[in-house]
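Excluded from the calculations below are hydrogen atoms, water molecules and symmetry mates; all remaining heavy atoms, backbone and side chain alike, are included. Because the structure is predicted, anything quoted here is derived from the model rather than measured.
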Amino acid sequence: MKSTILSVGMLSAMLFYSACTSAPQKEATETGCANPVMWTDVPDLSMVRVGKDYYLTSTTMHMNPGVPVMKSNDLSNWKIVSYCYDTLGVMDETTLTNGKNTYGRGSWASCIRYVNNRFVVSTFDQVTAKTYFFTTNDIESGKWERHEFRPSLHDHTVVFEDDGKVYMINGNGRLSIQEIEPDFSGVKPGTERVLIENAGKPAGDDLMLNAEGSQMFKINGKYYLFNIVWPRGGMRTVVCHRSDSLFGPYEGRVVLMDQGVAQGGLVDTPDGHWFAYLFGDRGAVGRIPYWVPVEWKDGWPVLGVDGKVPDTLNLPKSKGLIPGIVDSDDFEDSKIKLVWQWNHNPVNELWSLTERSGFLRLKTGRIDTIFTQSRNMLTQRTFGPMCKGSVCVDVTNLKDGDVAGLGLLAGKFGYVGVKVSDEKKYIVMTDNQSSENGQPEIQHDVETIECQTNVVYFKAECNFKDQKDEAEFFYSFDQKEWKKIGETLKMVYRLDHFMGQRFALFNYSTKQSGGYADFDWFKIEE
């Protein structure tokens, strides 16, 4: 019988996390919206307002489907409404084949625009080495048309001029501009030129991260270019350049330096107010969005309240991330909910929502030796300040060598599950730890106990408050008595994955393929 769900409500990559700025994180207030707006991993935001609705896109990395599109009508409460693509490419890295992967790479820093009643989203990918454009007239339920070309243009922003020409700005420190073919088929030959020679200079001459993450806006006839920089010994900083012409000359200044909140752009409200959408690095939960009020003075955007990121915003109170960004699932629908993403490219023949009605079935199709290389791992975001996820899984049909359960996926991972060894089932808590003498990390079974039944319940509890970044794992045979297993997982944001910790449902085989696990439900709670 089905259980019932009760839903409660790369230089820059190498540098950015080594000096992460800690900041107080506020919980919901009685009036107004608390900052951060979403206490979960939604980095590299791009946003556009269409009428009374706001749409944002975010970095995908190694997850599929890719480039999530989120919608809000008040800037406080958001929901995922679509993705721009299912997969970008089929190769060893994207299919976790021959020991390769695309962790820490993949699709980054998208740009969303609304032009001539059409949504246009662009992104780039380091592994496929391509730049992509996706277009649709119906962003929530329509089909996306795909365009792609080489090379991969890093951290770009797209400008649609009134004469119909399309331009792309990208680069690090030395920012370039080039015209794009009107059908998005590539860069027009001979059009590339330097736009700003040293875009990070307004923040000083000693920079460990020069200007990148470009986002361009045309407001009242002027062009405003936003970038992130990082002065050595300082913090992530927002720099803005402005010009009367797209091609310059540009003058620049620092417009925000507080709590390391940076990288993003500008959006206005229907009643004429302005906000900057930015993000902050906040430990293992990931890079999380902050909104910052903006006023205009002498033609410049002035960010913050007395130059600071406020704890609360004059916006409607947030109702929380459930069910719009994260959610429980009883697997009764015929499609995977939008809150879920596959780790790397899925093998669609090896998962099903219909073979056993009301269950997610994950089947093994090959031999793997470590959690992070297993195929068809279904994931969704964890969130702060504290959250927990639990599952019910039927392991009757696991084969010898199979491992299935609930994980927390990141470079430093952990999971609780059922492991079949010599035809006997065991409950195991596993993590990865570094070997001595600088050797690579190895997967380690921390604790193993005998499994008493074929239907087992697992739970993972995460504590991100004040960047404690700890998780505990539990199991139960009756969903009433929960027992802790293994050790506390010290979660760490690592650049080899470059993503916040994720809940993960998984099943992989170490000996033979053909076994399967049936997940009855997943429940997520604050």
Side-chain angles (χ1 to χ4, degrees), residues 15-17 19-45 47 54 56 72 74-76 78 200 202-204 207-209 211 213 215 217 219 224-242 252-269 271-283 285-318 384-385 464-467:
L15 291 171
F16 97 101
Y17 216 83
C20 173
T21 302
S22 178
Q25 297 164 336
K26 303 297 182 181
E27 299 181 39
T29 59
E30 289 302 318
T31 58
C33 178
N35 245 345
V37 178
M38 289 183 277
W39 200 338
T40 192
D41 193 48
V42 187
D44 304 333
L45 304 94
M47 193 185 301
Y54 305 87
L56 72 81
S72 174
D74 61 8
L75 282 176
S76 299
W78 293 85
L207 304 175
M208 63 179 185
L209 172 64
Q215 294 202 32
F217 306 89
I219 302 170
Y224 295 87
L225 180 62
F226 273 59
N227 289 99
I228 176 179
V229 301
W230 196 338
R232 195 174 305 279
M235 66 181 70
R236 289 160 36 95
T237 299
V238 183
V239 165
C240 176
H241 285 82
R242 75 173 185 181
R253 63 172 58 174
V254 170
V255 292
L256 184 68
M257 183 187 293
D258 183 45
Q259 301 181 33
V261 173
Q263 189 162 341
L266 295 171
V267 69
D268 66 339
T269 65
D271 58 0
H273 293 90
W274 287 85
F275 289 90
Y277 53 87
L278 308 165
F279 69 83
D281 310 317
R282 296 299 179 255
V285 75
R287 297 177 288 169
I288 64 179
Y290 288 78
W291 300 168
V292 178
V294 175
E295 294 184 353
W296 292 87
K297 185 175 181 180
D298 300 327
W300 286 96
V302 179
L303 275 62
V305 178
D306 297 326
K308 302 296 182 182
V309 177
D311 292 336
T312 57
L313 301 162
N314 187 23
L315 292 170
K317 181 180 177 181
S318 172
F464 300 109
K465 196 168 186 178
D466 300 322
Q467 292 184 216

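- Side chain of Ser76 to backbone of Leu315: no donor-acceptor contact under 3.5 angstrom is found.
- Put simply, the side chain of Val42 does not reach to within 4.5 Å of the side chain of Phe279, judged on heavy atoms.
- Contact check for Val255 versus Val294: no side-chain heavy atoms found under the 4.5 Å cut-off.
- Distance OH/Tyr277 to CD/Gln215: 3.5 Å, rounded to 0.5 Å.
- Heavy atoms only, all atoms of each residue included: Leu207 and Pro231 are closest at CD2-CA, 3.7 Å.
- Note that CG of Asn35 is 11.5 Å distant from CH2 of Trp39, once rounded to the nearest 0.5 Å.
- Under the 3.5 Å distance criterion, the side-chain polar atoms of Trp291 are matched with a main-chain donor or acceptor of Leu75.
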Using side chain to side chain contact (heavy atoms under 4.5 Å, CB included), reason through Asp281 and Met235 one step at a time and then give a plain yes or no. CA-CA 11 Å; Asp281 310 317; Met235 66 181 70; over 6 Å; no

CA sep, side-chain torsions, deciding dist, call: Val267, Leu56, side chain to side chain contact (heavy atoms under 4.5 Å, CB included): CA-CA 11 Å; Val267 69; Leu56 72 81; over 6 Å; no

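- Of all non-hydrogen atoms in Phe226 and Cys240, the two that sit nearest each other are CE1-SG, 3.7 Å.
- Atom OH of Tyr54 sits about 8.5 Å away from atom CE of Met47, to the nearest 0.5 Å.
- In this structure, Trp78 and Val37 have side chains that are in contact, with non-hydrogen atoms separated by less than 4.5 Å.
- Here the straight-line distance linking atom CG of Leu209 with atom CZ of Arg232 works out to 10.5 Å at 0.5 Å rounding.
- Looking only at side-chain heavy atoms (C-beta outward), Phe464 and Arg282 stay at 4.5 Å or farther from each other.
- Other residues, nucleotides and ligands contribute more than 12 heavy atoms inside 6.0 Å of the CG atom of Asp271.
- No side-chain heavy atom of Pro301 sits less than 4.5 Å from a side-chain heavy atom of Trp274.
- When side chains are defined from C-beta on, Asp258 does not count as touching Tyr290, because their heavy atoms never get closer than 4.5 Å.
- The two residues Gly213 and Asn227 make their nearest non-hydrogen contact at C-ND2, 4.0 Å.
- To the nearest 0.5 Å, atoms NZ (Lys308) and CD (Gln259) are separated by 8.0 Å.
- Annotation for Ala276 and Leu303: closest pair CB-CD2, 3.7 Å, computed over non-hydrogen atoms.
- Looking at every heavy atom in both residues, Val254 comes nearest to Ala203 through CG2-CA, 3.9 Å.
- Dense packing is recorded around CG of Asp268, with more than 12 heavy atoms of other residues, nucleotides or ligands lying under 6.0 Å away.
- Residue Asn314 holds its CG atom at 7.0 Å from NE2 of His273, rounded to the nearest 0.5 Å.
- In terms of heavy atoms, Thr40 sits closest to Ile288 at O-CG2, 3.1 Å.
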